[in-house]
Amino acid sequence: MHSINYIRENPIEFDNAMKVRGEKPLSSKIIEIDKIKRETQTVLQNLLAERNTLSKEIGILKSKNQNANDQINKVEDLKTKINSLKELENIKNNELNSILMNLPNIAHKSVPNGKDESENTLYRKWGTKPKFNFQPKVHYEIGEKLGLINFEIASKLSGSRFVLLKKQISKLERSIANFMLDKHTEDNGYTEYSVPFLVKDDSLYGTGQLPKFEEDLFPAGDHHWLIPTAEVPLTNLVRNEILNINQLPIRSTSYTPCFRSEAGAAGKDTRGMLRQHQFTKVELVSIVEPQFSEDELERMLVCAESILKDLNIHYRVMTLCTGDMGFSANKTYDIEVWLPGENTYREISSCSNCGDFQARRMNSRYKSNDKNIFTHTLNGSGLAVGRTLIAILENYQMEDGNVEIPKVLIKYFNNKTLF
RNA sequence: GGAGAGAUGGGUGAGUGGCUUAAACCACAGGUUUGCUAAACCUGCGAAGGAAGUAAUUCCUUCCGAGGGUUCGAAUCCCUCUCUCUCCGCCA
């Protein structure tokens, strides 16, 4: 959500910022509604003040047993005016909110301008593509050949975009999650949480999934939604809170399943377990003071990268361009892991600085020198577990169809290969 | 699911229709004094918004879980909902 003050004072900059994110110029409409709202408010408040004074007089007169009919009649008159102004104020408020709640965050000045993912820019790379003296397979061939990944049974249970993992591969998933959580809590300074997987509307409005992206979510009953990412519960921990400055920064992590309807991705990545309705992920969330959020994004990126470095898997980091960024972000880095079977890089983590965009929606503030200041929020995958599993299968595959286990996972896995 | 109790500022907590303009304490911030891993005292201190002013600031409105209602006037009375706690039942 945007500050109305900012829009009022910088209408042209605001419209330009929205334009690069694919929105129409709305500042003049916003300012007009806001103006009517404030004028209404001013008149209304004067009438309310008048009513309050009269009511007080009535109280005094009555306590002295004197007649107060004049005052009572006057207040009766005021009442109808007050009610219609209240209604108008409400309407304008709702108009304003429904516009503001649907506008994406403003991109940071360091974000490259661009239309779609083809215009993302390379930020850095780590490692090199591994060489195989055989034709590397894709993850689902490896897994199906081993009899440990099964899509048909999963689809019998739940339909398309689900997967069933078995024995060593399901254990591998668990090992990966444990490794990531241990790394982030022991080395990277994050606090582990076990969070609810169902959340209510307010939480999803806070982080920006609602109202605009309802179709991407799975509803659960009348009042709940399945979380699309642990970002939602972890970030909303500070919703409606005024934090003490010495509580910051807050760095939290959680391992959860994530549920996504993938409504806009029909026909995309249908083969394999790359794009599922349900997958697991270790999420990182930071709540920081505004002046530290840019550094925090770099720090978070390094934390996410540390997982792939420990696993010794080649990756590159892309800076997303304005056209490819998510709704709530002001800047996003994607970590793209190398998948030799697919012969391509695929997103395995997305680290975003949301600035005060989510904090305004959530009303999350901290107290500094007696002032209440909106926090800045950041979130990133650290990492997507399912996709890490894919990356391990493809990067650690051997010619005989077996898969070696990365060194750092052996202690969680107690085995050197899948078989 | 049944019965009961409750929800007040960052926290604890008083307040049953107009002397509440939300007390008091804690925490926090500033200061004074003593002097050293600190204490005592003083002062300030809920939130959101509007109007006036170059500004410091001043005035006003709203908010006591949420939404409605009664009333000239509601933290206080009524209705609906949400959540928390206690007991009972069921249950991983």
Side-chain angles (χ1 to χ4, degrees), chain A residues 1-9 30-97 99-101 194-206 210 219-225 233 236-250 257 287 289 356-375:
Chain A
M1 182 112 101
H2 297 286
S3 152
I4 184 72
N5 276 332
Y6 175 81
I7 300 173
R8 224 185 274 154
E9 285 160 24
I30 291 168
I31 289 168
E32 175 67 16
I33 296 170
D34 176 59
K35 193 181 161 208
I36 298 172
K37 183 195 122 183
R38 273 160 47 228
E39 285 168 358
T40 309
Q41 226 173 355
T42 306
V43 179
L44 173 63
Q45 289 178 359
N46 288 338
L47 294 180
L48 286 171
E50 208 177 319
R51 183 199 68 182
N52 291 345
T53 325
L54 286 168
S55 290
K56 195 153 271 180
E57 283 174 28
I58 294 166
I60 293 166
L61 288 172
K62 286 209 165 175
S63 69
K64 292 180 186 161
N65 267 325
Q66 292 174 4
N67 184 301
N69 285 343
D70 278 3
Q71 283 80 354
I72 290 175
N73 289 336
K74 274 188 199 163
V75 175
E76 291 278 13
D77 277 354
L78 289 177
K79 259 180 135 177
T80 51
K81 285 185 202 160
I82 287 173
N83 284 336
S84 65
L85 285 171
K86 267 187 186 167
E87 207 174 313
L88 182 62
E89 190 199 14
N90 243 322
I91 290 168
K92 291 297 156 191
N93 242 332
N94 291 339
E95 276 180 33
L96 200 57
N97 261 330
I99 294 175
L100 291 178
M101 285 300 262
S194 174
V195 297
F197 304 155
L198 298 181
V199 292
K200 46 187 189 177
D201 288 6
D202 295 352
S203 296
L204 288 157
Y205 275 97
L210 288 178
D222 293 338
H223 305 291
H224 290 105
W225 304 86
N236 276 281
L237 290 176
V238 297
R239 175 155 52 90
N240 279 326
E241 298 287 337
I242 300 178
L243 302 163
N244 196 310
I245 191 167
N246 58 30
Q247 292 175 263
L248 299 177
I250 294 172
I287 315 289
E289 294 177 61
D356 65 5
F357 186 82
Q358 292 180 323
R360 286 180 184 280
R361 293 175 157 248
M362 292 192 300
N363 199 21
S364 156
R365 294 159 295 166
Y366 71 98
K367 201 169 269 295
S368 168
N369 291 326
D370 273 347
K371 282 189 174 163
N372 295 323
I373 301 172
F374 286 114
T375 57

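Quick note on labels: first sequence line is chain A, next is B, and so on, each numbered from 1.
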Practice item. Considering just the side-chain nitrogens and oxygens of A/Asn240, establish if one lies under 4.0 Å of OP1 or OP2 belonging to B/rG65. Key: no
Begin from the C-alpha positions of A/Asn236 and A/Val199 and carry the test side-chain contact (heavy atoms from CB on, under 4.5 Å) through to its verdict.
CA-CA 10 Å; A/Asn236 276 281; A/Val199 292; over 6 Å; no
Between A/Met1 and A/Asn97, is the side-chain contact (heavy atoms from CB on, under 4.5 Å) condition met? List the steps.
CA-CA 9 Å; A/Met1 182 112 101; A/Asn97 261 330; 3.7 Å; yes
With the criterion being N/O to N/O and under 3.5 Å, what pairs connect the protein with nucleotides 75-80 of chain B, and how long is each?
none

Is A/Arg361 reaching over with its side chain to a backbone N or O of A/Tyr205, donor-acceptor style, under 3.5 angstrom? yes
Heavy-atom nearest nucleotide on RNA chain B taken for A/Asn90 and for A/Ile60; more 5' hit belongs to A/Ile60
Query raised in the report: Does A/Lys35 offer a backbone N or O that forms a donor-acceptor pair with the side chain of A/Arg8 under 3.5 Å?
Result: no
Open item on the list: A side-chain contact here means heavy atoms from C-beta on lying under 4.5 Å apart; do A/Leu54 and A/Leu78 qualify?
Closed with: yes
Open item on the list: I'd like to know if the side chain of A/Asp356 reaches the main chain of A/Phe374, judged simply by a donor and an acceptor atom lying under 3.5 Å from each other, with no hydrogens or angles considered.
Closed with: no
Check: A/Leu44 and A/Ile82 side chains under 4.5 Å, non-hydrogen atoms:
yes
Pairing partner of B/rU12, by Watson-Crick or G-U wobble and under 3.5 Å for both distances, is B/rA24
So A/Leu237 and A/Ile250, do their side chains get closer than 4.5 Å, heavy atoms only? no
Pairing partner of B/rC19, by Watson-Crick or G-U wobble and under 3.5 Å for both distances, is none
Across every strand shown, the nucleotide meeting Watson-Crick or G-U wobble geometry with B/rC63 (both distances under 3.5 Å) is B/rG46
Taking the P atom in each of B/rG53 and B/rG73, what is the distance between them to the nearest angstrom? 33 Å
Taken to the nearest whole Å, CG/A/Leu85 to C1'/B/rU62 is 15 Å
Here the distance between atom P of B/rG65 and atom CZ of A/Arg239, to the nearest Å, is 18 Å
Per-nt protein contacts along nucleotides 46-54 of chain B (heavy atom under 4.0 Å; B base, S backbone sugar-phosphate only, - none) come out as -SSBSS---
When you check the phosphate oxygens OP1 and OP2 of B/rC28, does a side-chain N or O of A/Asn244 lie under 4.0 Å from one of them?
no
Scanning all shown strands, the Watson-Crick or wobble mate of B/rA56 with both distances under 3.5 Å is none
**Q.** Test item: A/Gln247 and A/Tyr366 side chains (from C-beta on) under 4.5 Å apart, heavy atoms
**A.** no
Taken to the nearest 0.5 Å, the spacing of A/Ser364 OG from A/Ile373 CD1 works out to 12.0 Å
Separation of B/rC72 atom P from A/Ile82 atom CD1, nearest Å, is 13 Å
Whole-Å distance, A/Arg51 CZ to B/rC72 P, equals 12 Å
Taken to the nearest whole Å, CD1/A/Ile72 to C1'/B/rG73 is 10 Å
Between CG of A/Asn52 and C1' of B/rC60 the distance, given in whole Å, is 10 Å
Taken to the nearest whole Å, CG/A/Asn67 to P/B/rC72 is 14 Å
Pairing partner of B/rU32, by Watson-Crick or G-U wobble and under 3.5 Å for both distances, is B/rA40
Report task. Using the P atoms only, state how far B/rG18 lies from B/rA5, rounded to an integer number of Å. Result -> 25 Å
(message) When the P atoms of B/rU86 and B/rC72 are compared, how many Å lie between them, rounded to an integer?
(response) 43 Å
Under a 3.5 Å limit on both distances, the Watson-Crick or wobble mate of B/rU82 is B/rA7
Note to self: Looking at A/Lys367, I'd like to know if its NZ atom is crowded, meaning that more than 12 non-hydrogen atoms belonging to other residues, nucleotides or ligands lie closer than 6.0 Å.
What the structure shows: yes
field: Lys/Arg N to Asp/Glu carboxylate O, A/Arg38 vs A/Asp34, below 4.0 Å
entry: yes
Between the CD atom in A/Glu89 and the CG atom in A/Asn94, the distance rounded to the nearest 0.5 Å is 10.5 Å
Rounded to whole Å, NZ of A/Lys74 lies from P of B/rG73 at a distance of 16 Å
Pairing partner of B/rA75, by Watson-Crick or G-U wobble and under 3.5 Å for both distances, is none
Please list, pair by pair, any protein nitrogen or oxygen found under 3.5 Å from a nitrogen or oxygen in nucleotides 21-26 of chain B.
none

